[in-house]
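One structure below.
Residue numbers start from 1 in every chain, and the chains themselves are labelled A, B, ... in the order their sequence lines are given, proteins ahead of strands.
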Amino acid sequence: MAFGKGHHLHLIDGSAFIFRAYHALPPLTRKSDGLPIGAVSGFCNMLQRYIEGNTGADAPTHVAVIFDKGSHTFRNEMYDQYKANREAMPEDLRPQMPLTREATIAFNIACEEKEGYEADDIIATLSVQAREAGGRCTIISSDKDLMQLVGGGVEMFDAMKNNLIDREGVHAKFGVYPERVVDVQALAGDSVDNVPGAPGIGIKTAALLINEYGDLDALLERAGEIKQPKRRQTLIDNAEQIRLSRRLVQLDEKTPLDFTLDDLEVRDPDPEKLLSFLSQMEFRTLTKRIAETLKVEAPVIPEAAPTEGAAEIEAIPFDKASYTMVSDKETLQTWLDKIYARGYVAVDTETTGLNDMTADLVGISLCVEAGEACYIPLIHKANRGDDLFGSDDLAEGQMGFEEALRMLTPMLEDQSILKIGQNMKYDAKIFAQLNIGVTPFDDTMLMSYAMHAGLHGHGMDALSERYLNHTPIPIKPLLGSGKSAITFDKVPLEDAVPYAAEDADITLRLWQHFKPALHRAQTTRVYETLERPLVPVLMQMERHGVKVDRDTLSRMSNAFAQKMAALEAEIHELAGRPFNVGSPKQLGEILFDEMGLEGGKKGKTGAYATGVDVLEDLATEHAMPARVLDWRQLSKLKSTYTDALQTHINADTGRVHTSYSITGASTGRLSSTDPNLQNIPIRTEEGRRIREAFVAEEGRTLVALDYSQIELRLLAHIADLPSLKQAFADGLDIHAMTASEMFNVPLAEMTPDIRRQAKAINFGVIYGISGFGLARNLRIPRAEAQGFIDRYFERFPGIRTYMDDTKAFAKEHGYVQTLFGRKIHTPEIASKGPRAGFAARAAINAPIQGTAADVIRRAMIRMPDAIADLPAKMLLQVHDELLFEVDKGAEDDLISVARNIMENASDPVVKLDVKLTVDAGTGSNWAEAH
DNA sequence: GACATCACG
DNA sequence: GACGTACGTGATGTCC
């Protein structure tokens, strides 16, 4: 009998089921091979519960699960931004999607999808067909986009809240009945699907307008009559956009389908098929339960290896002999086939050096399963290079460089294949040089950092030792050291293969270990929002580099050398004999033994201390220490900056390319190396001039934006200090205000000295203040410093509480957290003696410094998209500052966009009680811009 | 490679 | 009651 009166169709929104299952369950994996399976498990459970709950008199006669297919639909043709801000599907969910289709079929339920259409369109088409045939239809979903379909025998059922949505239910949600829902949605827009709508109009206002004017067309036609000027204008200005929005939200009730309602008739499951699928997935409980329901015997699922990560991974021993070399395209193709079947692969590159801007790709290793890895050598030389003749010949047994990359590139760029790396920024930069974009990816180094910051380093060797109980093959013996060191392309293949392949093997095993651990440690969100997305951003900045003028530096070097020579002569004269001014040991002996100055203190190595503090004190008694300080400053500027920076100017680009380490600092700050561009001088006039060498390209300008007092602002929020918050809200001079509060001095009578003391205390608080430390910093008696601190605590009682609570938390948990959930471990807090003191202060500082680091990371991650339409590039980050280079004339546009991103970087995750403000400067060089 | 020193936030 | 103490980094030169 054809579908008609008396029949009842159920349409299940498959995607909704999957996402609910995915988010509701921990990241389960199939025991035998680690395949992620949590969403499939939840999906099957939901299907089974659905079946069990729909057996009564009102049971459906027809049923289907409807899925989305592909991400590109006819709506993207109308509007390319449709659903453009959707987050990418989590990697561990992607391989489960086809399995949910298999599950539906195993349950013997019709499973439908159609390329170019959303599931919602299929649901719309079927529900209309059911209604027109005189039957009933229940849509099992809570998606508001489907509410336009309700009425005339069509209802929705929200399986989550267990409630039925009829016409009245829709009215309660939208303020209009189903036939006008599309009009309201068109006006209100939808940020989730990126439907624009009318700016400033939400569901409430939209419903009001539609109810007043009847429908959307009437409203738009008579928009001029609207009394409120803002509403009137937005409707007039955005009429086209609103009509487009209506077309986007309007479901297609005429989707061409190659089946009919009759094909959806409820069928009993085939026990054999269903149980075979469930046991293949290794769902023990569910298999048993369904077997009982179906009154058949449950199949026996063999017990796989134990589930705990480490044990499972250790179960497969490392074996150099199992690694293979790929020398031809047939073999490479079998590896690609394996990778596509799996959906993920560990990748590692071998190169001719450690600098990813200058190193060349030498070979690639791959691993899809613990113990099963290969190395693809590409440009290994025939011998070690110590042979005078023929040393440029390539070693035998390598497939062509071009051919290998031609085969690998589609896989490396395939959205459905997850590439797993250890420090992916390095490998991705190597591939980027060859115009290959590696995406999507996971990074075991960043996973470790998200979980273990403060506990240990995150290099591969350390992680392998610690989590895999395996010492990797050392690289030293292969490359040698010193003058005789060779590059990896000179390493003989029989040595290179096991070394390189093992790195990929280790990386894969670490990933298998970390992936579930990341969830258990509740740091997945930190990893996915604060660590991983930073990689492409930093890659871009590093590859772009900053222009540094060699002539300026060179002139400065010469000037410094001259001044140093003069000072050196003077110092030798004052000392009575020549010595190495750069040697603290010799200097100490001269000052304290030969010249007999007082106050010499020997450190633990038996040498006199000759640091700035000591020499500054001595300067009051003798002329020499001051000269030494001057000499040291120049020596520092010359050796570390004006000389060294020149050597870092890249020959190809004429620019300096630093490398940022994401995992270097335990608090979440970045660090910068080769060269370090985060400690370019600024505090002294002579030093600041080095920034004049950091210049903009011809026709461009440097723009520096920095957060004003970000750590103190965050302290005010985190420790909940009302008077400090108020001071920031009022835009007061925060150090003067602190001084005024503490010393009872009206702001009008503030002296620079009182302000300076208050400033030192404010900073001291951020660092975990102590009487001793403050006394030393301010050069005042310890008792007086302690008095300041006591008064500070009285005036800002929240500080005490914050410090005590933070220490207590650290002691209990072994870590502290930032506002964004980043964990910083403080294991030494439990130790006895001075180490505990260090750890306590670090624990107090970490949430503040770490939250500031999170804030600027969030800004940096959003920045590339925000400035995509501007002729601007982000060049450098210096903890609370971002440096940009922009075409002349576009400075103001850039400042307004970038400042907006920076000031609102905490949104929407954290709502700060204190506003963040950003100062901006521009100039043809960094000294001017700051 | 350890240590002291000093550049930055 | 004594212990040593501001938090977080990286690069350089000396010396062993």
Can A:Lys563 and A:Glu686 be counted as an ion pair, charged N to O under 4.0 angstrom? no
Of all the nucleotides listed (C:dG8, C:dT14, B:dG9), which has the minimum atom distance to the side chain of A:Asn580? C:dT14
Candidate nucleotides B:dT5, C:dG8, B:dG9, ranked by approach to the side chain of A:Pro584 - the nearest: B:dT5
Need one value for A:Arg835: base, sugar-phosphate or nothing, where a base atom within 4.0 Å counts as base even if backbone is also close, heavy atoms only. nothing
Under a 4.0 Å N-O cut-off, is there an ion pair linking A:Asp790 with A:Arg800? no
Spacing of A:Tyr641 atom OH relative to B:dC8 atom C1', expressed in whole Å: 7 Å
Of the nucleotides C:dG4, C:dT12, B:dC8, which has the atom closest to the A:Ala644 side chain? C:dT12
Which is true for A:Ile766 with a 4.0 Å heavy-atom rule: it touches a base, it touches only sugar-phosphate, or it touches nothing? nothing
Between B:dA7 and A:Thr640, is there an OP1 or OP2 to side-chain N/O distance shorter than 4.0 Å? no
Can you check the distance between B:dC3 and C:dT5, where both ends of the measurement are the P atom (answer in whole Å)? 15 Å
Between C:dA6 (C1') and A:Glu711 (CD): distance, integer Å: 13 Å
Under 4.0 Å between a Lys/Arg side-chain N and an Asp/Glu carboxylate O for A:Glu794 and A:Arg791? no
For C:dA2, the Watson-Crick or wobble partner whose two distances fall under 3.5 Å: none
Check whether any side-chain heavy atom of A:Ile769 lies under 4.5 Å from a side-chain heavy atom of A:Phe793, and answer yes or no. yes
Taking only the side-chain heavy atoms of A:His879 (C-beta and beyond), determine which of B:dG9, B:dA7, C:dC15 contains the nearest atom. B:dG9
Quick one: look up who B:dT5 pairs with, Watson-Crick or G-U, both distances under 3.5 Å, and put none if it's unpaired. C:dA11
When you check the phosphate oxygens OP1 and OP2 of C:dT9, does a side-chain N or O of A:Ser666 lie under 4.0 Å from one of them? yes
Within this structure, what is the CZ-to-P distance between A:Arg683 and B:dT5, rounded to whole angstrom? 18 Å
Answer yes or no: is there an ion pair linking A:Glu594 with A:Arg577, defined by an N-O contact shorter than 4.0 Å? yes
Would you mind telling me which of C:dC7, C:dC15, C:dT12 lies closest to the side-chain atoms of A:Ser639? C:dT12
If you compare every side-chain N and O of A:Thr610 against the phosphate oxygens of B:dA4 (OP1, OP2), does one of them come in below 4.0 Å? no
Touch check for A:Ile682, heavy atoms < 4.0 angstrom, all strands: base, sugar-phosphate only, or nothing? sugar-phosphate
Below 4.5 Å, heavy atoms only, C-beta onward: do A:Glu828 and A:Thr826 meet side chain to side chain? no
With a 4.0 Å cut-off on heavy atoms, is A:Pro834 in touch with a base, just the backbone sugar-phosphate, or nothing at all? nothing
Select one nucleotide: of B:dG9, C:dC15, C:dT9, the one nearest the side-chain heavy atoms of A:Ser583. C:dC15
Do A:Tyr792 and A:Thr738 make a side-chain contact, defined as non-hydrogen atoms from C-beta onward lying under 4.5 Å apart? yes
Can you see if the side chain of A:Arg632 gets near the phosphate of B:dC6 - specifically, an N or O under 4.0 Å from OP1 or OP2? yes
Check every strand shown and say whether A:Asn777 touches a base, only sugar-phosphate, or nothing at a heavy-atom separation below 4.0 Å. base
Does a side-chain N or O from A:Lys585 land closer than 4.0 Å to OP1 or OP2 of C:dC16, or not? yes
Taking any heavy-atom pair under 4.0 Å as a contact, classify A:Phe838: base, sugar-phosphate, or nothing. sugar-phosphate
What nucleic acid atoms does A:Gly611 come within less than 4.0 Å of, heavy atoms only: base, sugar-phosphate, or nothing? sugar-phosphate
Whole-Å gap separating P (B:dC8) and NZ (A:Lys636): 10 Å
Any donor-acceptor pair under 3.5 Å joining the side chain of A:Ser770 to the base of C:dT5? yes
Mind checking A:Ile680 for me? I need base, sugar-phosphate or nothing, with any heavy atom below 4.0 Å counting as a touch. sugar-phosphate
Would you mind classifying the nucleic acid contact of A:Gly768 as base, sugar-phosphate or nothing, using non-hydrogen atoms under 4.0 angstrom? nothing
Heavy atoms only, 4.0 Å cut-off, all strands: where does A:Ala760 land among base, sugar-phosphate and nothing? base
Any A:Arg841 side-chain N or O less than 4.0 Å from OP1/OP2 of C:dT5: no
Could you check whether A:Asp854 pairs with A:Arg857 (Lys NZ or Arg NE/NH1/NH2 to Asp/Glu carboxylate O, under 4.0 Å)? no
When all nucleic acid strands are considered with a 4.0 Å heavy-atom cut-off, which category describes A:Gln633: base, sugar-phosphate, or nothing? sugar-phosphate
Could you state the CG-P distance from A:Asn676 to C:dT9, rounded to the nearest angstrom? 12 Å
Starting at atom CG of A:Leu677, determine the distance to atom P of C:dA11, rounded to an integer number of angstrom. 10 Å
Measure the distance from CD on A:Gln678 to P on C:dG10 and round it to the nearest whole Å. 9 Å
Closest nucleotide among C:dC7, B:dG9, C:dT9 to the A:Ala665 side chain: C:dT9
May I have the distance from A:Phe772 (atom CZ) to C:dC7 (atom C1'), rounded to whole angstrom? 16 Å
For the side chain of A:Leu629, starting at C-beta, report the closest nucleotide among B:dC6, C:dA11, B:dG9. B:dC6
Pairwise P distance, C:dA6 and B:dT5 [rounded to whole Å]: 14 Å
Any side-chain N or O of A:Arg776 below 4.0 angstrom from OP1/OP2 of C:dT5? no
